[in-house]
Amino acid sequence: MPSLATSPRRVRQAIKRFEKEVRGSPGLAGRLSYARAWYACRDAKGRWQFGPSKFVGYERLTAPEYIELSRKGLNGRRTESQLRQWFRELDPSSKLHERLSSLLSAFLAQYGKAPSSKMRINVLDEDYHELVEDDRGVSGSPILELIVAVAESLPRRELKHLRSRLKAIAP
């Protein structure tokens with residue numbers, strides 16, 4: 001069994017690695033809808049990234065290792081207990097939860113998946129304090145946030161086409 005995550009920095013690295021691993025692993029992508037506990041943080045450009053607890057709660061996990069260990073029964077209780085010291089679960093009625101739920105849905109939709117109906121979203125304490133307690137950076141309707149999330153995932157050529165289409169409908 002791999003070691004549990006030892007720091008928020010390691011979890012950030014795991015979340016970043018998860019997004020790369022899922023792109024190259026149909027087996028990992030096929031399991032996306034089963035994850036209930038999602039962990040989110042912002043990258044250097046301020047974009048939200050996501051990873052499930054059973055992946056990001058362990059150090060240096062790869063897609064093949066995750067799939068193999070899942071067959072043997074990875075323990076989400078252990079990872080969630082470890083991650084709880086650095087992350088905070090979002091209230092489902094909060095604006096930040098709405099926004100991140102839309103972004104997570106857009107991320108999963110790239111793989112033909114949707115979040116579990118029992119999904120929970122957790123953010124790093126530092127992000128929580130900045131965005132929820134200070135009530136900054138949380139704006140826009142869920143549909144707008146979804147459009148932005150999808151736009152961020154488009155290849156450059158399609159993004160250019162989207163810009164020209166949006167300009168055509170703007171007054």
Side-chain angles (χ1 to χ4, degrees), residues 5 8-58 60-67 70 74 76 79-80 83 86-128 130-132 137-163 166:
R9 184 177 66 79
R10 295 279 194 168
V11 179
R12 280 183 180 278
Q13 292 169 346
I15 290 171
K16 184 177 182 178
R17 188 174 54 261
F18 175 77
E19 290 200 357
K20 289 179 184 175
E21 291 283 331
V22 77
R23 277 195 296 268
S25 173
L28 183 55
R31 297 173 178 271
L32 292 172
S33 292
Y34 300 115
R36 292 183 180 181
W38 287 92
Y39 287 78
C41 65
R42 293 182 288 179
D43 66 11
K45 295 180 181 178
R47 290 182 291 215
W48 287 98
Q49 297 179 297
F50 301 91
S53 68
K54 288 182 184 178
F55 188 96
V56 304
Y58 291 106
R60 295 182 282 277
L61 210 53
T62 63
E65 291 169 329
Y66 175 83
I67 292 167
S70 291
L74 276 178
T79 57
E80 288 190 57
L83 294 168
W86 308 301
F87 285 80
R88 184 167 308 189
E89 185 175 339
L90 294 178
D91 177 346
S93 66
S94 72
K95 288 184 180 187
L96 183 57
H97 187 280
E98 279 183 41
R99 178 177 182 216
L100 294 186
S101 180
S102 293
L103 294 172
L104 177 60
S105 294
F107 170 65
L108 298 180
Q110 295 174 75
Y111 304 98
K113 300 297 178 184
S116 164
S117 61
K118 296 181 180 180
M119 167 215 39
R120 299 179 308 280
I121 299 176
N122 302 270
V123 297
L124 275 170
D125 279 334
E126 61 199 60
D127 291 330
Y128 180 86
E130 180 182 340
L131 296 173
V132 174
V138 182
S139 61
S141 69
I143 191 71
L144 177 60
E145 296 300 334
L146 179 60
I147 291 168
V148 169
V150 170
E152 288 176 341
S153 71
L154 292 174
R156 189 183 240 5
R157 193 182 97 235
E158 290 179 14
L159 185 58
K160 187 176 179 181
H161 181 71
L162 175 62
R163 281 188 190 120
L166 289 173

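On a predicted model such as this, the values are computed, not experimentally measured, just so you know. Numbers here are sequence positions counted from 1.
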Residues forming a side chain to side chain donor-acceptor pair (under 3.5 Å) with Arg12, sequence neighbours excluded:
Glu126
Side-chain contact, heavy-atom cut-off 4.5 Å: Ser25 with Pro64?
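Sidechains of Pro64 and Ser25: no contact.
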Taking the side chain as C-beta and beyond, is there a heavy-atom pair between Leu154 and His161 under 4.5 Å?
no
Taking salt bridge (charged side-chain N to carboxylate O under 4.0 Å, His left out) as the definition, give me every residue that meets it alongside Arg10, ordered by chain and number, with sequence neighbours left out.
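For Arg10 the salt bridge (charged side-chain N to carboxylate O under 4.0 Å, His left out) partners, ignoring immediate neighbours, are Glu59.
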All salt bridge (charged side-chain N to carboxylate O under 4.0 Å, His left out) counterparts of Arg47, not counting sequence neighbours:
Asp43
Any donor-acceptor pair under 3.5 Å from [X] side chain to [Y] backbone:
X      : Y     : answer
Ser116 : Ala35 : no
Glu21  : Ala63 : yes
Glu65  : Thr62 : yes

From [X] atom [atom1] to [Y] atom [atom2], the distance as rounded to the nearest 0.5 Å:
X      : Y     : atom1 : atom2 : result
Ile15  : Trp48 : CD1   : CH2   : 9.5 Å
Asn122 : Ser53 : CG    : OG    : 8.0 Å
Arg17  : Phe55 : CZ    : CZ    : 5.5 Å
Ile121 : Phe87 : CD1   : CZ    : 12.5 Å
Leu103 : Glu98 : CG    : CD    : 12.0 Å
Arg120 : Glu89 : CZ    : CD    : 5.5 Å

Checking side-chain contact (heavy atoms from CB on, under 4.5 Å) for the pair Glu80/Tyr39: CA distance, chi angles, key distance, verdict?
CA-CA 10 Å; Glu80 288 190 57; Tyr39 287 78; 3.6 Å; yes
Might you point out which heavy atoms bring [X] and [Y] nearest each other, and give the distance in Å?
X      : Y      : result
Ala29  : Tyr111 : CB-CD2, 3.9 Å
Ala106 : Val150 : CB-CG2, 4.0 Å
Gly51  : Phe18  : CA-CD2, 3.8 Å
Asp127 : Cys41  : OD2-CA, 3.8 Å
Gly76  : Lys54  : N-CE, 3.6 Å
Ala151 : Leu159 : O-CD1, 3.7 Å

Tell me which one of Leu124, Leu83, Asp125 satisfies side-chain contact (heavy atoms from CB on, under 4.5 Å) with Pro8.
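One option only clears the test, and that one is Leu124.
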Could you check Glu158 against Leu162 for side-chain contact (heavy atoms from CB on, under 4.5 Å), going step by step and ending with a plain yes or no?
CA-CA 6 Å; Glu158 290 179 14; Leu162 175 62; over 6 Å; no
Return yes when atom CZ of Arg42 has more than 12 non-hydrogen atoms of other residues, nucleotides or ligands closer than 6.0 Å, and no otherwise.
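Enclosed.
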Would you check, one step at a time, whether the test side-chain contact (heavy atoms from CB on, under 4.5 Å) holds for Trp38 with Leu108?
CA-CA 12 Å; Trp38 287 92; Leu108 298 180; 3.8 Å; yes
Is there a side-chain contact (heavy atoms from CB on, under 4.5 Å) between Arg23 and Lys20 once you walk through the steps?
CA-CA 5 Å; Arg23 277 195 296 268; Lys20 289 179 184 175; 3.2 Å; yes
Between Glu152 and Lys45, does any NZ, NE, NH1 or NH2 come within less than 4.0 Å of an OD or OE carboxylate oxygen?
no
